[in-house]
Amino acid sequence: MRGKMDKILQKRKTVKEIYFIAILALAILVLLGAAFAQYLCPYDPNAQDLALALQPPGGEHLLGTDRYGRDMLSRIIVGAKVSVFSALTLVAAVCAVGTALGVLCGFCGGWLDEAVMRLCDMCLAFPGLVLALAVAALLGGGIENAAIALGVVSWPKYARLARGQTMTLKQEDFIAAARLAGDSAGQLIRRHILPNLAGPVLVMAALDIGTMMMELAGLSFLGLGALPPTAEWGSMMSDGRTLFQTKPWVMLGPGAAIFLTVAVFNLLADALRDRLDIRSMGNEM
Amino acid sequence: MAKIIGRRLAQLVPTLFVITLLSFAMMRLAGSDVVAQKMQNTGTVLSAQAAEAAREELGLDRPFWEQYGLWLGGLFRGDMGVSYVSGRDVFAAFTEKLPATLVLMALSLGLTVALSLPLGILAAVKKNRAADVILRIASFLGNSMPNFFVALVLLYLFAIRYPLFPVLSSQGGARGVVLPALTLAIAMSAKYLRQVRTAVLEELGRDYVTGARARGVPFGWTLWRSVLRGCLVQLVTLLTLSMGSLLGGTAIVESIFGWDGVGKLAVDAIGMRDYPMIQAYVMWMALIYVAVNLAADLSYRLLDPRIRLGEDGTI
Amino acid sequence: MFKYRRGILALILALCILPLSGCGGDASADPEQSGQEPVTFTLGDVSFSAEHDETDVNPHRGYSGWACIRYGVGETLFRYSDTMEIQPWLATGYTLIDPLTWEITLRQDVRFTSGRALDAQAVKECLEHLVEVHDRARGDLMIDTMEAEGQTLTIRTTQPRPALLNYLSDPYGCIIDMAWGISEEGIVSGTGPYQAVSLVTGQELHLVKNKDYWGGEPQVDEITVLTISDGNTLTMALQSGQIDAAYGMPYASYPLFENEGYTFSSTPTSRAFFLCMNFESPLTQDPAVRQAIATAIDKEGFVNTLLEGNGYVASGAFPEEFSFGGGVTPQAYDPQGAREVLEAAGWVDSDGDGIREKDGKNLVIRWLTYPSRQELPLLAESAQAALGEIGIDVEINSTADCSSYLSDPGSWDVYASAMITAPTGDPEYFFASCCLDSSVANHGGYHSDRLEQLAQEMAAAFESGERSRLAVEMQQILLEDNAYVFCSHLRMSMISRAGVTGLTAHPCDFYELTADLRVEEP
């Protein structure tokens, strides 16, 4: 009886393991695809051929062409580079800065903690997209400016998470033991705090990639993101929206790309959370 | 309680200072000033002397801090300057459109709660059964779609294919608000449904639920009396957190649906580089956000006595 | 504490129910569709906004006169026929007493919506205010003195103005009652079939019919003009029946309306999509660069594919059909020739990045344009690819706030815009407003001695054959200098739902809502 139970549990674990690896592989595949986008395109994504404008999907052009006769598939593939990597870089930067500050605050406390936390409050006082709109107004469009604005309001989330976790960890016995064993502060952080922090932070970051992608796309949709002829999913959708009813593929292609990529990263966040056994951490402060 | 509120209000002072300072600095950073803009808008050319005189009159030749002080003073009197584009009083133009945005936000929050709370509980109670699986997939889909995409699909479906709602929401009376509010609510509900589900599951696993069941208390009653209250705190936290994206999200949705609120006003102003208007938008949104956060913070204490101030200072 | 919690629960519950009851209640109540409703008409327009300097219906402000005349609020002394000939409108006729003196007689039966009768004194007051506040009008009309006597207005100009009547027919020439004034919202009292009652810039304009209209009582009681800047929204608004007609529909949406449910009214116009070169930028000062740009743009492809045939390839500033239109020879489409020209001028791609350089500086053209005319971003992006082919990198700046970039000559090289080149049915307007030293809109700082000289000749030429000949010669100068590149002319279409009649596209693009408008329920 017990043996059977174990087997079922074992099996369940294996299935979960396989699922996790599959999702991870999918996410890596997306990233690799984005990284080597220019080698994967069947056509030059910016080459126009007005004679071939608005070809429906199928045949020579698998996903059809846009109104300039550019190959949609190639543009979507190359668009991954802009859309995915700008979100990824943004999240990586924000995550690194936020976590570093949070750990320092949690570890050292005192005036540093107070100052950084007040700074957090101030940055959090501006709703993300609102600030992004303001920055776009000031500096003009461009995906970099949009990313900067979203970055400014995103780091405090990580700082707060890292700070809280560090403060909890500091109370743990194994830290005290390590400290007694003569570990320096740097060693403590590197060996004990960061590894324990990694899980929650990673889950939050994975979730953020999807959110950031959608927000960047939203800004592009308003014309405040990528500039032409850069293939970027949000602006491609914006360009194609007048064709929504007559030539739907021009908009649905990049739309599906955003949807699928965000979905992959959301699934990854879920799987990661499951695997690391972190309960509903990612969506909270 | 009064002490707590007082302390939280005191903490707001530096935040408010930074909000106003940043909003003001943004305008100065923009490079062009009111006089240059006005000259351009009216198409008249002032002599350098006349322009200088105009600047002096407006106090633009004074040092930064003095100007900031003047501006802040004006702010308290409801004077936020005039729009570069329409020449209208910014404060009046802005406050005129603010209610529309607030209505949209309130309705979408209401819709979100109305959708995610019952569905989340349903998913939790029917864990791993068909209803749960379907709801989880739906929530996942809703979570991965950009709101402008949702907006266009909703428009196409419910204004063109099945013309139940107007395309131009500001023209359609009360019915006009449904689609924009739904657009905003869909993404949020998708997120909260999962949160509610998790929270309810957690509560259901607690001893008191088992105990109540054993005592023969009807399950619905337990759910209503105890479980729901357990997840309220979490829900309020989430709603507060999403205010940020909601405030920004209204800009996109208002533009698409032509909802005549401050989001659309801001997007138009950005196009025309109407800085006083953008400034008003950024500042007001930040103020609203701060106020909502404060309210949420205080409501935790009402909802859940376990949280008491002083343990951490912040939550 | 417990009490509060119950309150919050109740609040949340209320929030859940509120939106549901809200939409349920509205869905059931439908107050429209009873017998004695007033006849209403709703027009969706993409261009009525601050972006086009059309903030209200006050003809004395910027380009707001366009809105004033389009929506039937104001009328001018003379108007254009369908073939762009001058016809009397508020005037009954004129006499040219000497090259400087015009005697204009006015209709007897016209009243402003304010109730005041239209007489020479009213017109005089209006024009006096116009030239006082409106730079463009002042430069065009060159009014020296005016005398009003009964229904006769005598205008003396400072110089001979052969095209005075054409200029008076410009939308800024809408005659309004200055005694009634200009409201804070920018509402005026005109003589047209409709009277503006309220207005929100960039949002909506409400009109009611002018019951005492001198041309007969209009048949539509209430008109709403909605500014809908998004082409997609405009499309769906017409599809859903929220608007009865649309101006500025995206071409991509045309197929949706090409059926018996809708009517198209189309006409060729003199609205040109053209490039203006910046002569204050070192790059576009180079004649080779200008020539390369002029010869590398595929106008045919732009018109046939991107405009989906809704336009005409332009040779010069004016459409071929105009008497002063044809007869010019533009640069032929020749990308290979463009490459050679650049090569010969020392622009070569020596580092192999696909962009030519000279003296270590890349050939990067900053292309300024604006998005509210749907054709312009399309032109920009197709030109970007075409110029990229010949080694010119193009940076597009498509912004609603073009005017502030234009005033800074260091911020752009090429400005692509859309303009009605002959709104007055006369060629002088275009040159006077865009190409001369004295022009308000000579954004690129272009100067040609020969052109200035010919412009002076035209200013004094009363005979129309002579004016046409001069116009052709002047266009040719612009084309040879590659100072302006004319890409296409617009075929303008208005689309209305079946049941709407009398909404007719006019070649000058500014007579839209007239007393002929009829609306029947679908």
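Since the model is a prediction, treat every value here as computed from it, not as a measurement. Order of the sequence lines fixes the chain letters, A, B, ..., with proteins taken first and strands second; residue numbering starts at 1 for each chain.
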Shortest non-hydrogen contact between [X] and [Y], atoms and distance:
X	Y	value
Q384(C)	P229(A)	NE2-CD, 3.1 Å
D239(A)	E381(C)	OD2-OE1, 4.4 Å
A385(C)	N46(A)	CB-O, 4.4 Å
T242(A)	A252(C)	O-CB, 3.9 Å
L50(A)	F302(C)	CD1-N, 4.0 Å

Can you tell which part of [X] gets under 4.5 Å to a heavy atom of chain A, answering side chain, backbone, both or neither?
X	result
P377(C)	backbone
S382(C)	both
Q239(C)	side chain
Y251(C)	neither
D298(C)	side chain

Note to self: Does F264(C) have more than 12 heavy atoms from other residues, nucleotides or ligands lying within 6.0 Å of its CZ?
What the structure shows: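 Yes, enclosed.
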Margin query: So for atom CD, which belongs to Q38(A), do other residues, nucleotides or ligands contribute more than 12 heavy atoms lying within a distance under 6.0 Å?
Written below: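 Yes, enclosed.
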Margin query: For chain A, which candidate among L256(C), T233(C), T235(C), N397(C) shows the most heavy-atom pairs at distances under 4.5 Å?
Written below: L256(C)
Next item on the list: Select, from T399(C), L378(C), N304(C), L234(C), the one with the greatest count of heavy-atom pairs under 4.5 Å involving chain A.
Entry: L378(C)
Notebook entry, point to check: Would you say M236(C) and Q245(A) make side-chain contact, with heavy atoms under 4.5 Å?
Noted result: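 Yes. Closest side-chain heavy atoms under 4.5 Å.
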Next item on the list: Measure the spacing between CD of E389(C) and CD of Q48(A) and express it to the nearest 0.5 Å.
Entry: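 Rounded to the nearest 0.5 Å, the CD-CD separation comes out at 9.0 Å.
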Check: Please walk me through it: do R241(A) and D230(C) pass side-chain contact (heavy atoms from CB on, under 4.5 Å)?
Finding: CA-CA 10 Å; R241(A) 69 181 148 150; D230(C) 184 88; 2.7 Å; yes
Next item on the list: Go through the structure and list residues passing side-chain hydrogen bond (donor to acceptor under 3.5 Å, both in side chains) with N278(C), not counting sequence neighbours.
Entry: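 For N278(C), no residue satisfies side-chain hydrogen bond (donor to acceptor under 3.5 Å, both in side chains) once neighbours in sequence are set aside.
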